[in-house]
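Fair warning: this is a prediction, and the values are worked out from it, not measured in the lab.
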Amino acid sequence: RSSPSPPTPMDVTSDTPPPPPSADPSSSLAVAESEDDSGPLAEKLALATDPSSSLPDRVRLLEEIVKEGDLWSVWCVRVKESAVYALARAICKTKKYDDVLPFLTTTCSTFFDNVTKAKTAKAVRRVLDIVEEEAPEEFSIMEGLCTAVISWCTEHNRTFLKQRVVAKLSSVLYLQNKFSEALELIVPLIAGLKKLDDKALLVEAHLVEAKVHHGLRNLPKAKAALTSSRTAANAIYVQPSLQSEIDSMSGVLHTEERDYNTAHSYFLEAFEQLDQMGSTKAASSALKYMMLCKVLDALGKGTRAKAELSGLVTGKQGVKYAGRSVDAMQAVAAAAGDRDLSKFDKAREEYGDELKEDLLVSHHLGVLYESLLESNLLRIIEPFSRVEISRVAHLISMDRPAVEKKLSQMILDGTLLGILDQGNGHLIVHEEERKDGVMEKGLKVVEAMGKVVDNLYGRSQRELVMR
């Protein structure tokens, strides 16, 4: 038997990083020298990331590392890349968001000029993600930052990076409710991505397009864009965070179509994924959408909505994400279950920020309010054949013009049978017309007799021809 061959260098487990491409792998001296080059930078990075040091000192040390222009071995580049990300986080923690743009365009210029285009694209995208994580509400800063990076990419012919930053800018514009501007960016981007067949970015771009069309209330195009995103996603591996966004958008569109059970299942899928990833804010939004679907579905069936939410709220996951958003939906559910407009108005006033900041929730709360108003008006009007509009307004605790407008809308929609006597200020309610069963059955008998006569006439004509 032949003796086993000695292990190759790749078979030996070691904490030592692989030698840099520029050095001769057979030369241990070159590797040692490359490692020695990163020593001072690594020590300075350790000091800069020490939590005990002050924030201004950390920013100063990190800037020195990033601006250093003599050491460019593989190890030094890694240290400098880590310093870039740490400096971006440090600047965001100082709340000086205006310094992020000079940091990218000036401080990091030496680093970007001496590394590969792929490394530059990775660093810029990561910095944008860090700013988005640290300052999620600073949309104007993100918009200006993305616009400046796009201009820089155009100037330096960085097409690959530009496409990704344009997709990011479209998402930022969507969050600012600038739907038309976002659409102007995303449509040509998708056309270019289809030519390159970049499916990974195409999934994100089509998803943003679906969100923008939904914001513009163009539901057919939103569904088409989401279908395109799913088609592209089926051909590649999709990260759980992106898959949860696709599921959430599917739930949103099914909610708009009033298919609340299907929408709830999509939101549940998204919630479970987000819960596993530890994304608290996004998971809380998915839980809020699930509760909204339960409320709307129960209202459509005429059942008590508050009884349907017990499983969501009292469960282990519901307790984990308890907060004002969950309390707001519980208050809305209680008002909807009692068909009480005063409770509903009180909930909207108390939890205004939680209920109005979300596009889907705010729209469907309006639908829910109209439904509750109609059911309350019908309940008040039911005993009367003729009633003063002012009396109805008093009973429902609303202004007379608003009640009169709603009554006229219900009459036009066919929800209420009656007319408005505006001269006297009265509502005249008509009784629902009962269908005459005898008349319908008589018409069916006449129709059947007509068919019999036609058959007899046809037979007689055939007999005459045969004779």
- Check ion pair K221-E209 (N to O, under 4.0 angstrom): no

Subject >> Heavy-atom donor-acceptor pair, S248 side chain to S244 backbone, under 3.5 Å >> reply: yes

Would you please test L292 and Y260 for side chain to side chain contact (heavy atoms under 4.5 Å, CB included) and show each step? CA-CA 9 Å; L292 176 66; Y260 301 122; over 6 Å; no

* Asked: Under 3.5 Å, is there a donor-acceptor pair between the side chain of K168 and the main chain of M142?
  -> no

E134/K93 ion pair, N-O < 4.0 Å | no

In short, I389 meets L427 closest at the heavy-atom pair CG1-N, 4.2 Å

### Task
Please say whether the positively charged group of R348, taken as NZ for Lys or CZ for Arg, lies over the ring of F344, i.e. under 6.0 angstrom from the six-membered ring centre and within 45 degrees of the axis.
no

>> Has K80 got a side-chain atom pairing as donor or acceptor with L71's backbone, closer than 3.5 angstrom?
In response: yes

Step-by-step side chain to side chain contact (heavy atoms under 4.5 Å, CB included) determination, R164 to L128
CA-CA 11 Å; R164 277 146 181 78; L128 292 177; over 6 Å; no

Review point. Checking T147 side chain against E143 main chain: does a donor-acceptor pair fall under 3.5 Å?
Key: yes

Is the number of heavy atoms from other residues, nucleotides or ligands within 6.0 Å of CD (Q239) greater than 12? no

Practice problem: Verify side chain to side chain contact (heavy atoms under 4.5 Å, CB included) between L287 and F267, making sure each step is shown before the conclusion. | Solution: CA-CA 7 Å; L287 179 61; F267 288 134; over 6 Å; no

Would T231 and H206 count as a side chain to side chain contact (heavy atoms under 4.5 Å, CB included) if you check the C-alpha gap in whole Å, the side-chain angles of each, and the deciding distance to 0.1 Å? CA-CA 10 Å; T231 303; H206 277 304; over 6 Å; no

Exercise. Are the side chains of L196 and Q163 in touch, meaning some heavy atoms are under 4.5 Å apart?
Worked result: yes

Note to self: Contact between S265 and N261 at the side-chain level, heavy atoms closer than 4.5 Å - yes or no?
What the structure shows: no

### Task
Look only at the side chain of D50 and the backbone of A46, and say whether a donor-acceptor pair between them is shorter than 3.5 Å.
no

Within the distance-only criterion (no hydrogens, no angle test), does the side chain of S109 pair as donor or acceptor with the backbone N or O of T106 below 3.5 angstrom? yes

If we ignore hydrogens and angles and just use 3.5 Å, is the side chain of H156 paired with the main-chain N or O of W152 as donor and acceptor? yes

Margin query: Contact between T415 and L378 at the side-chain level, heavy atoms closer than 4.5 Å - yes or no?
Written below: yes

(message) Looking at C293, is its backbone amide N or carbonyl O close enough to the side chain of D297 to form a donor-acceptor pair, meaning the two atoms are under 3.5 Å apart?
(response) no

field: S170 side chain near V212 side chain, heavy-atom distance below 4.5 Å
entry: no

Are the side chain of S229 and the backbone of A225 linked by a donor-acceptor contact shorter than 3.5 Å? no

**Prompt:** Among side-chain atoms of Q422 and E404, is any donor-acceptor pair under 3.5 angstrom?
**Reply:** yes

From the list E257, E256, H214, side chain to side chain donor-acceptor pair (under 3.5 Å) with K223 holds only for E257

- Query: Does the pair K343/E350 count as a salt bridge with the N-to-O cut at 4.0 Å?
  - Reply: no

- Message: Between E245 and K211, does any NZ, NE, NH1 or NH2 come within less than 4.0 Å of an OD or OE carboxylate oxygen?
- Response: yes

